[in-house]
Structure formats: structure tokens, C-alpha cells
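Let me begin by presenting the structure, written as C-alpha cells, before commenting on it.
Since the model is a prediction, treat every value here as computed from it, not as a measurement. Convention: sequence-line order gives letters A, B, ...; per-chain numbering from 1. Just so it is clear, the values below take in all heavy atoms, side chains as well, and ignore hydrogens, waters and symmetry mates.
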Amino acid sequence: MLDLAPKYNPSEVEDKWYSYWMEHKLFHSEPDGREPYCIVIPPPNVTGVLHMGHMLNNTIQDILVRRARMQGKNALWVPGTDHASISTETKVIAKLASEGIKKTDLTREEFLKHAWEWTEKHGGIILQQLRKLGASCDWERTAFTMDPSRSEAVTKVFCDLYDKGLIYRGLRMVNWDPQNRTALSDDEVFFEEEQSKLYYLKYYLAQEPDTLDAPVGSVVHTDAEGRHYAVVATTRPETIMGDTAMCINPKDPKNAWLKGRRVIVPLVGREIPVIEDRYVEIDFGTGCLKVTPAHDKNDYELGKTHNLDTIDMLNEDGTIAEAAGLYVGMDRFDCRKAISEDLAKAGLLEKVEDYVNNVGLSERTKVPIEPRLSLQWFVKMEHFAKISLAPVMDDIIRFVPEKYKNTYRVWLENIKDWCISRQLWWGHRIPAYFYDNGTDEEAFVVAPTPEEALEKAREATGNPDMKMEDLTQDPGALDTWFSSWLWPITLFDGINNPGNPEIDYYYPTATLVTGPDIIFFWVARMIMAGYEYVGKQPFDNVYFTGIVRDKIGRKMSKSLGNSPDPLDLIERFGADGVRMGLMLAAPAGHDIMYDDALVEQGRNFCNKIWNAFRLVKGWEVADTPAPEASRLAVEWFEARLSDTLAEMEDLMGKYRISEALMALYRLFWDEFSSWYLEVVKPAFGSPMDRATYDATLSFFDTLLKMLHPFMPFITEELWQHLYERREGESIMYARLPEPGSFDPAVLSRFEHLKEVVAGIRTIRKQRQIPNKDTLELNVKGAHDATLDAVISKMGNIDVIRAVEEKSPTAAAFIAGAVEYSIPLEGNIDVEAEIAKLEADLKRYTGFLAGVEKKLSNERFVANAPEAVVALERKKQSDAKEKIAAIESALKALKSPSSK
RNA sequence: GGGCGAUUAGCUCAGCUGGUUUAGAGCGUCUGUCUUACAAACAGAGGGUCUGCGGUUCGAAUCCGUAAUCGCCCACCA
């Protein structure tokens with residue numbers, strides 16, 4: 001016996017093989033004459049650590065890449081990381097804060113120094129972790145979204161889009177994150193339900209009329225002194241300092257008495273007009289709306305329509321600004337509390353109700369966002385929407401699962417301009433230069449370098465003496481996604497150096513594997529950039545993974561502590577086991593409920609493969625003729641292998657990876673180990689004939705190749721034991737065989753055989769007959785003797801005899817329409833046998849009745865396709881035969897002679 | 001408020017354009033077995049009428065309608 005441990009020990013082989021692959025540069029790819037197959041990694045955050053989502057996502061990518069490689073394609077998987085502007089900057093600020101340093105105390109350069117240090121310290125950990133998983137990335141190509149080549153491209157694209165009129169700068173209502181003090185795009189805001197309050201505030205009339213001429217239906221509020229007021233319901237009383245109007249619906253009878261009047265903002269004392277707009281819902285609250293154009297999107301629109309003043313009363317950190325006049329410097333939420341108390345004291349608060357509303361939160365910091373009017377940079381999206389819709393709808397880019405096409409379409413059809421500027425330092429700096437000391441917001445030029453900017457500024461101003469010091473670069477950085485959307489292009493230098501051999505060869509990439517949560521952020525935008533800058537789709541297929549949840553369906557999160565550490569799992573179950581376990585449970589687009597039981601199954605499978613190999617390699621070989629049973633098993637398994645190869649090809653083409661893996665799992669475990677190996681296994685101590693041995697090794701070889709994309713380490717290890725091979729060779733580059741043709745009858749015959757053997761085993765078990773004891777098998781009916789040699793071996797049968805009638809003392813079972821029986825010493829339990837047969841009889845009679853009902857229906861026979869009718873007739877005759885066999889068995893049992 | 005998707009064995013899922021057996025798999029369960037590759041295993045068994053209702057059809061898990069439940073996306077009415 002070969003010296004292999006009885007259990008597979010992953011830790012002994014994983015690092016060894018990963019080093020081997022690296023040492024021989026087996027992951028590296030260069031353009032050549034072969035068909036390319038390229039995947040670009042969705043770059044994880046540079047300072048991130050590996051979590052279960054990455055495990056799933058990267059396992060899928062590795063499977064696809066390894067499979068392509070084994071199909072003879074030039075496979076390339078490009079790794080890299082994302083600078084993750086907001087996320088990283090937030091982390092750096094937190095780290096500095098812990099050292100007592102405030103961002104505002106630092107210059108831009110100082111801050112960036114800290115950020116780079118942080119990036120270098122934590123950066124790339126995640127890529128190291130991916131190696132543990134077995135990821136076959138071409139590490140020589142590791143990229144970073146903020147390295148010089150990528151940065152140059154980003155700047156270039158910004159300038160180009162600006163020149164094309166697709167980027168503009170404008171004053172807009174944007175989502176403002178007061179913690180990070182930056183603008184966010186709409187996609188970076190998520191909404192959460194919050195228990196809040198609805199405050200009803202009193203707005204007194206500015207001028208008390210002598211007589212109030214209120215129309216019918218008016219709801220007029222009058223206080224104890226007879227003064228009139230309107231009531232406004234708001235969730236944000238702290239914004240009243242920014243009120244510049246009150247708005248009613250022109251068709252609202254309740255508030256018609258307010259038309260044309262002016263009211264006084266409570267506490268503030270400012271007079272504001274009552275305006276009318278159909279935007280106001282008559283039935284919400286009191287039908288009166290306070291209008292704060294500087295701090296609400298809809299109010300801003302109202303302000304524009306009605307020419308209202310705008311009072312910006314919040315600072316960028318969310319505290320109350322000078323312009324408010326009151327509560328200056330107080331935090332917005334403290335102010336809400338204070339103001340509601342003050343309003344109550346002043347008798348200006350009518351009532352407070354509990355209210356559930358949706359609050360927009362910053363995706364990164366989770367703080368409530370503040371709609372804020374500010375000057376930002378935007379990408380016009382109409383053009384991009386136009387060029388990117390059709391390719392997905394027409395399946396030039398195939399989405400798996402397909403349902404996301406819809407999501408994509410709806411988003412593009414309602415697209416809004418993309419706010420790309422962030423008031424952050426960590427990121428690509430906006431290449432815009434102001435030349436008027438910041439006094440004129442319009443006085444800027446956009447250029448890739450300061451030198452070119454100066455040139456342009458001189459031209460624009462007609463002042464040839466302008467100096468570099470007169471230019472001020474926009475302090476802002478670009479949205480991270482403004483670099484990510486170029487990823488598949490910039491990895492091959494397709495912006496700086498268009499038409500170069502690499503971009504021509506690898507682009508469009510084959511498949512993008514990512515989560516549906518970034519379909520808008522990233523997938524859609526890559527498609528846009530792809531068409532704009534290369535004129536082609538960035539990828540042919542997009543595979544959307546699900547979310548990894550815990551076994552009761554909760555998202556994995558740090559706070560719940562329900563997220564296992566991937567490296568710990570790899571330690572405990574082996575990388576192959578973890579990969580296998582995850583993949584078994586992960587159909588495309590389905591969330592996966594993670595449970596250790598899954599990876600245990602994966603580990604067990606590794607062990608099964610390992611032990612099957614130990615068995616095979618432990619055999620002695622002799623030049624003897626092959627036994628009949630072995631010959632038949634080889635013929636059968638060859639067919640079975642081809643069958644599964646074809647099935648897997650089909651499933652993988654549809655990205656049904658978990659099903660493909662399951663097919664393979666069953667092939668290896670049930671068919672190969674439980675049947676094939678058991679049939680060909682020589683008696684203890686006996687050698688095996690060479691023909692069967694060679695066939696078995698060749699089967700094993702094919703199985704390892706089929707398994708390799710899913711389980712790279714164990715397959716490489718065993719493949720090495722299987723053959724002598726030269727240093728540098730690897731199963732990674734072995735060719736996956738094409739499915740051969742086979743006779744389906746070979747498979748169906750073997751399936752029947754399994755039924756017969758199972759029948760024999762059941763009888764053995766029921767009667768507690770040891771496997772060692774040989775038995776005689778009697779056959780009544782049209783038995784196909786082709787596989788008798790196998791039946792004999794697997795059932796430990798010494799004689800197979802055709803009989804006219806079953807012996808009265810034989811235990812019987814029916815397989816197909818053949819009655820098999822095993823003569824036994826002593827009496828059989830006639831009652832039990834009869835009961836079992838009668839249950840069968842009932843079942844088949846019922847089945848036959850169903851079939852015959854169909855066949856006797858003239859309309860069925862007339863309307864159904866011929867093949868279907870023929871099939872029903874076949875079912876009918878099969879059932880009849882079976883029933884006849886059962887009845888004859890019953891009759892024999894019931895006849896007095898058997899008692 | 002709008003849209004999309006789901007509901008099949010204890011659990012996780014297949015079942016593609018309606019007809020291949022009155023529905024399949026893996027895991028789990030139950031019963032035997034330490035049978036020299038593997039107890040992380042072997043052998044055997046049980047388990048669902050396809051969420052409810054209605055319809056179309058010769059025929060429905062599969063198509064249509066409807067109700068319920070769940071999930072996701074978009075919008076965000078103060």
C-alpha cells in the first residue's frame with residue numbers, strides 16, 4: 001500500500017501547491033494565438049479583509065478561469081484593489097482621531113501621507129488571503145485604482161468628458177454627509193424607517209384682519225386672544241429658520257382662507273408669503289407645508305418655481321449656521337430637541353404625534369444625510385443611458401440570472417445625472433483649476449496637468465503673464481466609481497494607450513462575477529465606459545452571485561457576530577472543502593444560507609476522493625485476463641463518464657455551477673466509488689489485471705481533471721501521485737476531455753442491475769444474512785443476462801437460475817417486470833410478502849388506470865402528439881407486464897403449497 | 001406608492017418551451033454494520049400531491065387569474 005494517510009490533510013498540501021504554481025508562473029498570461037478567457041476581479045477595498053462574500057465570489061471566478069484554462073484557452077484573471085475613497089478616508093480619520101489628530105488640523109499633503117501609510121500597512125492583505133483560497137490570479141498584473149497608470153486614465157477621461165460637454169459643474173441639491181462633509185451620489189444613500197415625531201407648528205397671520213372672511217369649508221385656527229394662525233406639520237422643526245414660504249394646495253378648501261396672506265415663522269419672527277402649488281397633498285397633516293428651499297429637494301424645486309429666497313442655515317458639519325440667527329453652532333439634532341421645547345414654551349407648538357418616516361442615510365457613515373445646495377461636478381447620464389441599454393436587452397451582454405435585465409432597464413430609463421465630486425482628499429483629484437482667486441465660480445479650466453491648465457487659463461483670460469501660483473486646483477476628489485467604471489479598460493491600459501495589443505486581445509473580457517447590489521454603481525457604468533472608450537462591451541457575461549447569509553437567513557454582520565472567519569474555515573475544513581461546500585449551495589442569484597454542515601460535506605468529499613485514490617494506488621497489477629464483471633464495469637463507466645461530461649458542459653454553459661458540481665459529486669461518490677470501484681475491486685490479496693487497472697487510472701485521471709476547477713489543491717496533489725511528471729507540469733494545464741458518444745442502453749442496463757442488487761441487499765438485511773454468505777438467485781421472466789457477472793459479484797450470488805415458478809420458500813422482489821427470488825432455508829413470512837406485493841399491486845394498478853383513462857379519452861388520442869401517445873402505450877404495456885408479474889407472485893404465495 | 005421574484009420532502013434546492021413513469025437531488029432522519037480505501041464511512045429504509053382558491057386544456061408542479069405569505073429593487077409626501 002502506498003504511503004498515504006487514511007485521512008486527507010489539506011494543510012500539508014495547500015501551501016506546497018500554491019507555491020509551486022507561483023514558482024512556475026502558472027497563473028501568468030500573455031497574449032498569444034489561443035482564444036482568450038479573461039476575468040477582471042471586482043476590486044475589493046484596499047484595506048478590506050476577506051469575508052464570506054468574497055469567498056463565494058472569488059471561488060466562482062476561480063472555477064471559471066481554471067475551467068477555461070483546462071479547455072485550452074488562454075485564461076487570465078486580473079487581481080487588484082480599489083482605493084475606496086470614502087471608506088478609506090473614514091478609516092484614516094478614525095485612526096487619526098484615536099491619536100488625537102483632527103483632519104482639519106492637517107494639510108492635504110499631511111493627510112495624504114497618513115492615508116498612504118495606512119494603505120500600505122493594510123493594503124493587499126485581502127489579496128494575500130485570496131491565495132489561501134487557491135485563487136489563480138495573475139499576481140504579476142496586480143493593480144490598484146489609484147496607481148499612476150489608472151490615475152492618468154481617470155484624469156484623461158474626466159477632461160475628455162468635460163470637453164465633450166458630458167461633465168458639468170453646477171449648483172444642485174445633493175446628498176450631503178455631515179460626518180465626512182462631502183457630497184454623495186444618489187446611489188450612496190439608503191433609506192431606513194425611523195420612529196420619529198410629527199410636530200404641528202403655529203404660524204400666525206402677519207396681519208390680523210378686521211374681519212376674517214373665510215370661505216365655506218375653511219378650517220381656521222384661533223387662539224384665546226382671537227388671533228388666527230395656520231398649522232404646519234413637520235418632522236424637522238429645526239429647519240424653520242430656513243423657511244421662506246408656506247405652501248398650500250390651491251384646491252384645498254380647508255386652507256383657502258390663507259390665500260394671498262403672509263404668516264410669521266414661529267420663534268424666528270420672519271414674515272413669509274403663503275404660496276399655492278399643487279405639489280402639496282391636501283390630506284397630509286393640515287395641508288400646510290413649510291418651504292425650506294435650502295434643505296429639502298422638493299422645497300428647492302418649489303423655491304425655483306416661485307422665486308423664493310434661499311436661506312442656507314446649516315453648516316457642512318450639520319451644525320446650525322450663522323444665517324439661522326438662532327441656535328447657531330448647535331448640532332442639528334440637539335437643535336431639534338431644543339427648538340421643540342422652546343416652541344412648546346412659547347405656545348407655538350399645537351401638538352406632537354408619533355410618526356414613522358424614511359430617513360436617508362449615508363451608506364458609509366450611516367449618518368442621516370442632509371439635502372444640501374452646493375456646487376458639484378456631474379456627469380450627464382442621458383447619453384450614457386442611450387448607449388448602454390440595448391446591449392443588455394439584446395443579450396450582447398448576458399445577465400445571469402436574467403431577471404436583472406429588468407432592474408437594469410428601469411434604472412437606465414429613470415437615470416439622473418451622476419454627482420462625481422466628493423469633498424474628500426483620498427481619491428483622484430478633480431483636474432479643474434480656478435484662476436480668479438476663487439472669486440468667480442465660472443473662472444476655471446479643465447486640463448490633465450497644471451501646465452496645460454495654465455496654458456488654457458492664459459488663453460481664456462488673454463493674460464500671457466499668468467503664473468502657476470495664480471491657479472488653484474479644485475480641492476475635491478472624484479467618486480471612487482469614477483475610476484472603477486474604467487477598470488476593465490485601464491487594466492489593459494486602454495485609455496492611455498488605446499488599441500494596444502493587450503486591450504485588443506483581452507477585451508471584451510469573458511465574464512464578470514459580482515453581486516447585484518452594485519449593478520448600478522459599477523456594472524452599468526462599466527458598460528457605459530466600455531462603449532464610450534473602446535466601443536465594445538466590457539464583458540460578455542455577468543454572473544450575479546447571491547448574498548451569503550447565516551443559516552437562519554440573516555445577513556452576516558460584525559455586530560451579530562454570525563460571520564465565520566474564512567481563513568479559520570480553510571484551516572478547519574481545507575480550502576477545497578470550503579470551496580466545494582459554498583458552491584454546492586449557491587445557485588446563481590440565490591442567497592446562500594451558510595452552515596458549517598456545508599463545508600463539512602466538502603471536507604468529507606475531499607476525504608472520499610483521497611481514499612478512493614488510496615484504494616486504487618494500493619492495487620497490485622498482474623498480466624491476467626480481465627474478469628467479465630470488470631470488463632462490463634469499464635464499458636459502463638466509460639459511458640457514464642461521457643454522460644456526465646456532457647451534462648457538465650451544458651450546465652456550466654448556463655452558469656449552473658452548483659448543479660454541475662452536484663452532478664460531479666454524485667458521479668464520483670455514487671457511481672465511481674460505490675459501484676465502479678466495488679465491481680472491479682480484486683479480492684483481498686489478489687492482484688488486478690492490467691487492462692482494468694489502466695482503465696481505472698484513466699478514469700481517475702479524467703475525474704481529477706473534472707474536479708480540478710472546483711477543488712484545485714487535492715486534485716493537483718493526487719494527480720502528482722497518479723503519474724510521473726516533470727517539474728513544472730500541472731493538472732492546471734491538463735486538457736479537459738470532450739464527452740464521447742455512447743450507447744444509452746449500456747446505462748439503462750446498469751440501472752436495472754442496480755435495482756436487482758439493491759433487491760438482493762434488502763433481502764439480506766431483512767433476514768440478517770451476512771454479506772459473506774453466497775446465495776442463489778432465481779429469475780422468472782425476461783431477464784437480460786448481460787450483466788450477470790456484475791450481479792453475482794455485487795450480490796455475492798453463486799448461481800443465477802431461470803425458473804418457471806418461484807420456490808415457495810424463496811424471498812422475492814420485482815425489478816422491471818422480472819421476478820427475482822432467493823431460495824432460503826426455513827419459512828418465509830408469507831403474510832409480510834403478500835402485504836408488500838399487494839401494496840405494489842395497488843400502486844401499479846392505480847398507475848395503469850391513470851394511463852388507460854388517458855388512452856381511452858378519444859380527444860387525447862386525437863390531439864396529443866404521436867410520440868406522447870406512443871409513450872403512454874409503452875407505459876401501459878410496461879405496467880401491465882409488471883402487474884402480471886406481481887399477480888403471479890401473489891398467486892404463488894397464496895396457493896396452499898407455499899404454506 | 002411602483003416594479004420584480006419566490007412559495008415543491010425536516011432543511012437547501014432542481015424540475016428548461018404543459019405529456020419519460022401518481023415529482024427528483026444533496027443534506028438531515030430512521031434501521032443495521034467497525035465488511036482491511038474511507039465510521040469524515042458502508043448498506044438499506046422512510047418522507048412531499050407541488051401555499052390556498054378559481055380557470056384554460058384531452059392532460060397542469062409547469063399556462064392564466066386571484067388571495068395569502070416572504071424576499072428584493074426603485075421612489076421617498078412634508
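Between the CE atom of A/Met711 and the CZ atom of A/Arg579 there is a distance of 9.0 Å, given to the nearest 0.5 Å. The structure places CG of A/Asp187 at 12.0 Å from CD1 of A/Ile518, a figure rounded to the nearest 0.5 Å. Distance check: A/Leu184 CG to A/Glu370 CD gives 12.0 Å after rounding to the nearest 0.5 Å. In this structure, CD in A/Glu301 is found 11.0 Å from NE2 in A/His306, a value given to the nearest 0.5 Å.
Among the atoms of the strands shown, only primed sugar atoms or phosphate atoms (P, OP1, OP2) are found under 4.0 Å from some heavy atom of A/Asn857. Within the nucleic acid shown, A/Gln601 comes within 4.0 Å of sugar-phosphate atoms alone, with no base atom in reach, counting heavy atoms only. Using a 4.0 Å heavy-atom criterion, one finds that A/Tyr199 contacts no nucleic acid atom at all. Using a 4.0 Å heavy-atom distance criterion, A/Val869 is classed as making no nucleic acid contact. Counting non-hydrogen atoms under 4.0 angstrom, A/Arg764 reaches nothing in the nucleic acid. Heavy atoms of A/Pro865 sit under 4.0 angstrom from at least one base atom. The residue A/Leu871 sits close only to the backbone: its heavy atoms come under 4.0 Å of sugar-phosphate atoms, none of a base. Contact annotation for A/Asp670: backbone-only contact, meaning every heavy-atom pair under 4.0 Å involves sugar-phosphate atoms and none involves a base. A/Ala585 comes within 4.0 angstrom of nothing in the nucleic acid, heavy atoms only. Among the atoms of the strands shown, none is found under 4.0 Å from any heavy atom of A/Gly850.
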Trace of the side chain to side chain contact (heavy atoms under 4.5 Å, CB included) decision for A/Arg767 with A/Ile822: CA-CA 11 Å; A/Arg767 305 190 173 267; A/Ile822 294 174; over 6 Å; no
side-chain hydrogen bond (donor to acceptor under 3.5 Å, both in side chains) between A/Ser748 and A/Glu751, worked out: CA-CA 5 Å; A/Ser748 55; A/Glu751 288 311 306; over 6 Å; no
Intermediate values then yes/no, side chain to side chain contact (heavy atoms under 4.5 Å, CB included), A/Arg640 and A/Tyr676: CA-CA 10 Å; A/Arg640 198 64 193 68; A/Tyr676 176 80; over 6 Å; no
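At distances below 3.5 Å, at least one donor-acceptor pair connects side-chain atoms of A/Thr234 with backbone N or O atoms of A/Arg236. Proximity of a side-chain donor or acceptor of A/Trp610 to a complementary backbone N or O of A/Ile714 within less than 3.5 Å is not detected. Remark: side-chain polar atoms of A/Lys351 are not paired, donor with acceptor, to backbone N or O of A/Tyr200 under 3.5 angstrom. The closest donor-acceptor contact from the side chain of A/Asn175 to the backbone of A/Pro371 lies at 3.5 Å or more, if one exists at all.
Taking the six-membered ring wherever Trp is involved, the centroid distance between the rings of A/Phe399 and A/Tyr404 does not fall below 6.0 Å. For A/Phe605 and A/Tyr665, the ring centers are positioned less than 6.0 Å apart.
The aromatic rings of A/Phe613 and A/His721 are tilted relative to each other, their planes meeting at an angle between 30° and 60°.
For B/U12, the OP1/OP2 oxygens have no side-chain nitrogen or oxygen of A/Tyr594 closer than 4.0 Å. Taking side-chain N and O atoms only, A/Tyr665 has no distance below 4.0 Å to OP1 or OP2 of B/A25.
Between B/G32 and B/C72, the two C1' atoms lie 47 Å apart (nearest whole Å). Comparing the same atom, C1', in B/G24 and in B/U69 gives a spacing of 26 Å after rounding to whole Å. Rounded to a whole angstrom, the distance from the P atom of B/U35 to that of B/C42 is 14 Å. On the C1' atoms, B/U22 is 14 Å away from B/G59, given to the nearest whole Å. B/U8 sits 23 Å from B/G46 when the P atoms are compared, rounded to a whole Å. Across the C1' atoms, B/G5 and B/G48 are found 24 Å apart, a figure rounded to whole Å.
Atom CG in A/Asn175 sits roughly 12 Å away from atom C1' in B/C76 (whole-Å rounding). Rounded to whole Å, atom C1' of B/C73 lies 13 Å from atom CG of A/Asp591.
Base pairing in RNA chain B gives the following stems of 3 or more Watson-Crick or G-U pairs, range against range and under 3.5 Å: B:1-7 with B:68-74, B:10-13 with B:24-27, B:29-33 with B:41-45, B:51-55 with B:63-67.
Across B/U21, B/G19, B/A25, the shortest atom-to-atom separation from the side chain of A/Arg666 is found for B/A25. The A/Glu659 side chain lies nearest to B/A14 when the options are B/A78, B/G19, B/A14. Among the nucleotides B/A78, B/C73, B/C58, the one closest to the side chain of A/Arg859 is B/C58. Among the nucleotides B/A14, B/U21, B/C76, the one closest to the side chain of A/Phe847 is B/U21. The side chain of A/Lys416 lies closest to B/C76 when the candidates are B/G26, B/C76, B/C16. Looking at the side chain of A/Arg656, the nearest of the listed nucleotides B/C58, B/A25, B/A14 is B/A14.
In this structure, A/His590 and A/Lys842 both approach RNA chain B, and ranking their closest nucleotides by distance from the 5' end singles out A/His590. Each of A/Val280 and A/Lys555 was matched to the nucleotide of RNA chain B holding its nearest heavy atom; the match closer to the 5' end belongs to A/Lys555.
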Protein proximity profile, nucleotides 2-9 of chain B - base contact B, sugar-phosphate-only contact S, no contact -, cut-off 4.0 Å on heavy atoms: --------
Nucleotides 38-46 of chain B: protein proximity per nucleotide (B base, S sugar-phosphate only, - neither; heavy atom, under 4.0 Å): B-BSSSSS-
